Amino acid sequence: MAPAVHLSNAVVLAGRFPVLAGVDLELDAGQVLVVLGHNGAGKTSLLRLLAGLVPLTSGEGRILEHRLDDQARHVRRRVGMLGHDVGLYDDLTPHENLRFALRAARVDPGAGPGALERCGISGRVAMTPLGALSAGQRRRVGLALLCARRPELWLLDEPHASLDTATRQLVGELVEEAALGGATVVATSHEPEVAVPMADVVATMAGGIVIETTSGGRPRGGKDVA
Amino acid sequence: MAPAVHLSNAVVLAGRFPVLAGVDLELDAGQVLVVLGHNGAGKTSLLRLLAGLVPLTSGEGRILEHRLDDQARHVRRRVGMLGHDVGLYDDLTPHENLRFALRAARVDPGAGPGALERCGISGRVAMTPLGALSAGQRRRVGLALLCARRPELWLLDEPHASLDTATRQLVGELVEEAALGGATVVATSHEPEVAVPMADVVATMAGGIVIETTSGGRPRGGKDVA
Amino acid sequence: MKRTLRRLLGPVAVALVALDVILGLFVTPPDIEQGDLVRLVYIHPALAWVALYVAFAMAGICSLLYLWPRTRSMTYDRLAASAVEIGVVFTILTLVTGSIWGRPTWGVWWTWDARLTSTALLAVMFLGYLALRRVPADPHVRARRCAVAALIAAVDVPIVHFSVIWWQTLHQGATVLNSNLTPTIHGLMAWTLLLSFVAFTLLFLWMVLVRYEIETLDEGEEDAELADALEARRQEGAPA
Amino acid sequence: MWRDAGLVAGRDLRIELRSRVALWQILPFAVLVLLLFAFALGPSRQALRQSAPGLFWLAVLFSSVLAAQRSIAIEGTPATRELTRLLGLDPAGIFLGKALALFVELVALEIVLLGGIVLLFHVSIATWLLLLATCLLAAIGLSSASVLYGSLAGGARTRATLLPVLVLPVLAPVLIAGTRALSASFVGGGPDGLRWLSILAVFAAVYTVLGIALYGPLEESS
Amino acid sequence: MWRDAGLVAGRDLRIELRSRVALWQILPFAVLVLLLFAFALGPSRQALRQSAPGLFWLAVLFSSVLAAQRSIAIEGTPATRELTRLLGLDPAGIFLGKALALFVELVALEIVLLGGIVLLFHVSIATWLLLLATCLLAAIGLSSASVLYGSLAGGARTRATLLPVLVLPVLAPVLIAGTRALSASFVGGGPDGLRWLSILAVFAAVYTVLGIALYGPLEESS
Ligand code: HEM
Ligand SMILES: Nc1ncnc2c1ncn2[C@@H]1O[C@H](COP(=O)(O)OP(=O)(O)OP(=O)(O)O)[C@@H](O)[C@H]1O
Ligand SMILES: Nc1ncnc2c1ncn2[C@@H]1O[C@H](COP(=O)(O)OP(=O)(O)OP(=O)(O)O)[C@@H](O)[C@H]1O
Ligand SMILES: [Mg+2]
Ligand SMILES: [Mg+2]
């Protein structure tokens with residue numbers, strides 16, 4: 001089977017600055033990759049490339065059988081991303097946001113309330129416009145969207161940031177569930193203590209390239225499925 | 001000496017919703033308080049109240065000898081805050097941003113470059129408009145501003161979020177330095193492992209009030225100065 | 001005392017307006033030139049007076065009182081808002097009655113007369129204030145913003161007034177101002193006219209007070225609500 | 001495509017209903033523009049009546065730029081735009097949906113403004129059918145072009161200032177043709193009006209087709 | 001106060017120099033508005049020349065709303081506004097600084113637009129001094145009022161649409177007086193021009209004073 005994610009010598013420019021300077025990466029379906037690295041190493045840029053949101057300047061990229069250079073649209077449909085900013089509508093409530101997003105993604109919107117509930121958004125909070133929610137609550141809604149949508153490639157940019165202790169554990173559970181279900185997960189992190197245990201592979205980035213790849217702490221059970 | 005921070009039964013409304021539902025708090029100059037609590041507990045709201053950015057609906061508040069209800073302007077001048085969003089100008093470079101902010105705060109702008117350097121912003125990054133920087137780099141610039149400005153009350157909203165391992169340690173150092181210099185520090189956190197060791201007092205919030213106050217892990221050296 | 005005054009104000013205002021209408025419609029004679037149309041004189045000028053002078057002055061003064069730190073209180077904010085809201089109604093009624101009157105007298109619904117133009121401009125200013133008021137914000141923030149907006153608008157009123165008057169007179173259009181009315185006024189008509197001013201001013205004040213009371217009622221409920229809300233908020237922390 | 005269009009139009013109109021921006025901000029603005037024109041041109045009734053059709057369309061144009069800005073603002077931050085791209089909505093559907101929502105608002109706007117010029121500028125309408133066709137076709141053209149250009153400008157941090165410069169020159173044909181067609185519908189010049197109407201129709205068709213075709217590649221890049 | 005004003009004006013102008021929004025977006029918009037007026041009023045040279053002063057000021061007004069929006073946008077997100085409040089800048093200084101930066105841009109704009117109407121609308125200038133005074137006084141009034149209202153609307157998420165409705169009615173006297181004063185400077189009517197000039201002067205003075213006095217309480221809250 002072809003790998004779920006394949007990058008070779010991928011270069012991405014922002015303006016004239018190469019945010020990615022030749023990344024090689026290969027992941028199978030069902031694997032969990034955690035990306036570490038100093039600030040400005042290019043982790044967010046890598047996720048955005050994998051999501052098909054920025055064009056590849058040179059090098060090669062294939063995500064879930066689609067080429068990144070000319071089939072980015074197909075890539076995007078199958079990818080779910082939780083960025084530094086969740087990107088939902090401030091004027092709509094979490095419920096309405098999920099309803100819209102799930103219908104747009106052609107997923108049964110019935111899964112929305114359950115997912116919100118699971119991520120700890122219920123009652124009053126689920127009825128408050130997103131703009132009024134706290135930082136952590138917004139991220140929870142973003143997580144709930146992923147959880148209800150179940151994309152084939154999960155891209156999580158510092159998924160633990162802003163979440164409280166209870167929800168942090170949930171992130172681990174959701175990632176494990178997704179990987180067991182055959183999805184590929186790429187997460188960045190600045191907290192190796194919590195992130196490495198959930199990874200099959202740990203990549204360390206610096207200066208726009210991957211400088212080291214080691215194996216993570218995920219129990220073998222995960223590997224078997226992949 | 002009067003306490004640096006004194007709140008009694010402080011209530012703050014956002015719209016009709018009580019984000020703070022009666023907070024009691026007392027801190028001396030030179031003390032470090034770490035605030036823990038679930039998402040939506042009211043940590044950010046507490047910091048914004050202490051900064052004089054939101055009006056007190058009922059209860060009493062005194063910050064550095066100024067009443068929060070009618071002297072908020074004086075409070076604001078003496079407070080430095082690092083929020084979820086740093087709030088500097090995206091069009092200006094870190095250098096220019098610090099230069100403007102320090103001059104506005106009537107501090108010698110000469111301290112800017114040193115502080116940036118210390119927070120790991122130098123060379124190319126210091127010359128790139130803020131809007132192009134990575135999440136962690138932006139927070140570093142925010143930290144550098146505090147570090148150069150040396151306010152009397154530091155308010156840090158999840159100071160460790162988005163920072164890489166090296167800079168995380170720097171946060172602890174800066175807080176310790178500020179406290180030794182007589183400043184009061186209030187920091188929120190979702191990572192007790194890193195935050196509690198730097199605290200004199202740890203307050204746990206839930207549902208808009210402080211439900212528990214314990215002492216933190218800061219060595220007694222800190223206490224003596226206060 | 002205040003209460004009884006307010007209770008009295010309503011019936012008195014309504015009774016006076018009714019009296020004015022009866023006098024205007026049935027007792028006073030029709031005009032030689034304008035016929036029964038002249039009866040609008042017992043409504044329209046009074047409406048205009050209330051809309052432009054009473055409402056704007058009230059909004060301006062209340063806003064000033066709000067901004068002045070010593071007298072700051074949400075009461076003034078609410079009063080100003082009520083004055084503007086009711087003022088908009090009166091302004092629109094002025095425009096409508098004026099247009100209805102203008103159609104037979106001038107042959108057009110509208111003419112670029114100084115008074116008409118400034119009325120329209122002030123109506124838009126009122127609308128701007130209401131638009132600002134609808135912007136979601138903290139009540140105190142909103143109160144301050146709106147007070148400043150009302151004050152700026154109020155300061156603009158004389159400037160608008162003079163510029164529009166000069167604008168119009170310099171380029172005299174084909175306007176028939178109502179000077180032809182003055183000679184036809186006789187005793188009873190004058191009294192009815194005077195009555196209309198008093199009646200509509202009282203009506204305005206009463207409506208403002210009612211509007212204000214509705215808002216304070218909301219507010220009063222809010223106080224009760226606040227206790228509940230505080231309790232509910234504190235419970236959020238309890239482990240589920 | 002139609003399903004996505006409905007979804008997007010529903011979202012835009014729902015946010016509009018909640019915030020009432022069009023009602024409280026854009027409509028008063030449109031009326032205000034009419035007043036300002038009168039100030040600029042002086043109170044002479046004759047001059048105003050003659051230029052009424054042009055002023056009507058100018059007011060529509062400026063207000064529609066404002067409405068387009070609101071329509072972009074609904075998309076929110078760059079992060080929101082990215083999320084929409086990741087959801088895999090059909091770009092043609094997004095375009096149609098946003099254009100539809102804008103079209104509804106523009107028609108409401110035109111009705112109010114028409115009332116305004118009839119009252120304020122003393123014009124009377126001879127050919128109702130022509131008027132109706134002019135307004136509808138123009139609204140289609142305006143909304144399609146605005147949404148298309150809105151997507152061009154929407155990514156920029158300076159979109160509040162960029163959008164008017166981009167979109168107004170493109171809308172100039174609507175202004176010219178609309179003015180002529182409206183004049184014709186006031187004085188009752190049928191055949192002349194039809195010619196201008198056909199320009200409006202072509203404009204509307206071209207920008208709707210262009211929008212459906214180009215919205216995808218555009219969003220791709222922004 | 002003056003020190004802070006200089007600091008703020010410096011920041012605004014520096015950001016402007018870097019982004020060139022005024023140059024590349026607002027100026028073209030202003031010229032465009034003139035062209036659209038020409039389209040809307042038809043090709044009659046006589047009519048255009050007569051309405052040139054009014055159209056000039058309308059174009060200035062619309063462009064200055066755009067410039068004011070840019071001036072708010074420079075303040076950036078709510079977080080940026082909060083930071084500014086925390087830095088303890090003197091509110092009167094902030095007001096003066098922002099108004100100064102806007103004034104500089106508006107004067108540049110007026111110069112270009114004057115060139116525009118001289119070329120497009122075939123007018124010639126009789127009294128230069130009156131022209132100069134009109135333009136300067138109007139620019140002061142426009143910038144003060146716009147900055148003041150900008151701060152009112154700036155906190156709102158819908159400011160792009162809210163600002164025009166708020167500020168344009170208040171600016172109407174500038175339009176009227178400016179138009180008349182400009183007409184006078186074209187035909188050379190001195191005394192009449194002076195009367196209008198006095199309205200502009202009063203307007204400028206009132207709004208500058210109000211701004212200095214009220215900016216503090218406003219920023220306090222928003
Ligand atoms: C839409 C059209 C009109 C508007 C907006 C309008 C507005 C006003 C305003 C603002 C006033 C001033 C009130 C005051 O100073 O106390 C006024 C007064 C008056 N209007 Fe009108 N008006 C309109 C049409 C007319 C017409 C058509 C007539 C009759 C031919 C008329 C007759 C009067 C009279 C008799 C007064 C009071 C006497 C006076 O103060 O001179 N108005 N109107
Ligand atoms: N237009 C640009 N011009 C110059 N440099 C740029 C530009 N855009 C991005 N950069 C640089 O590219 C890097 C972006 O990295 P990226 O956002 O991927 O970092 P990251 O690894 O996610 O960091 P963090 O941990 O802070 O989130 C930063 O160093 C930034 O300064
Ligand atoms: N206008 C509003 N209407 C209703 N609820 C509101 C409003 N504004 C804020 N809230 C609620 O108040 C709380 C705000 O809490 P705050 O932002 O202080 O949380 P926090 O402790 O900082 O959380 P986090 O850890 O997620 O940053 C949230 O529960 C939010 O839903
Ligand atoms: Mg990042
Ligand atoms: Mg928070």
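Note that the structure is a prediction, hence the values are computed from the model and not measured. Below, read A as the first sequence line, B as the second, and so on, with proteins coming before strands; counting in each chain starts at 1.
- B:N39 and A:L163 get closest at one heavy-atom pair: OD1-CA, 3.7 Å.
- Proximity to chain A (any heavy atom under 4.5 Å) is shown, for B:L133, by neither the backbone nor the side chain.
- Both the backbone and the side chain of A:H38 come within contact range of chain B, with heavy atoms under 4.5 Å apart.
- Both the backbone and the side chain of B:S162 come within contact range of chain A, judged by heavy atoms closer than 4.5 Å.
- Taking all atoms of both residues into account, the shortest heavy-atom contact from B:G40 to A:S134 is N-OG, 3.4 Å.
- One distance of note links CD of B:E191 with CD of A:E191; it measures 3.5 Å at 0.5 Å rounding.
- For A:Q169, the CD atom is loosely surrounded, since the number of other residues' heavy atoms within 6.0 Å does not exceed 12.
- No other option in A:H84, A:R140, A:H160 has as many heavy-atom pairs under 4.5 Å with chain B as A:R140.
- No more than 12 heavy atoms of other residues, nucleotides or ligands shown are found within 6.0 angstrom of CZ on B:R99.
- Neither the backbone nor the side chain of B:R139 comes within contact range of chain A, judged by heavy atoms closer than 4.5 Å.
- Proximity to chain A (any heavy atom under 4.5 Å) is shown, for B:Q137, by both the backbone and the side chain.
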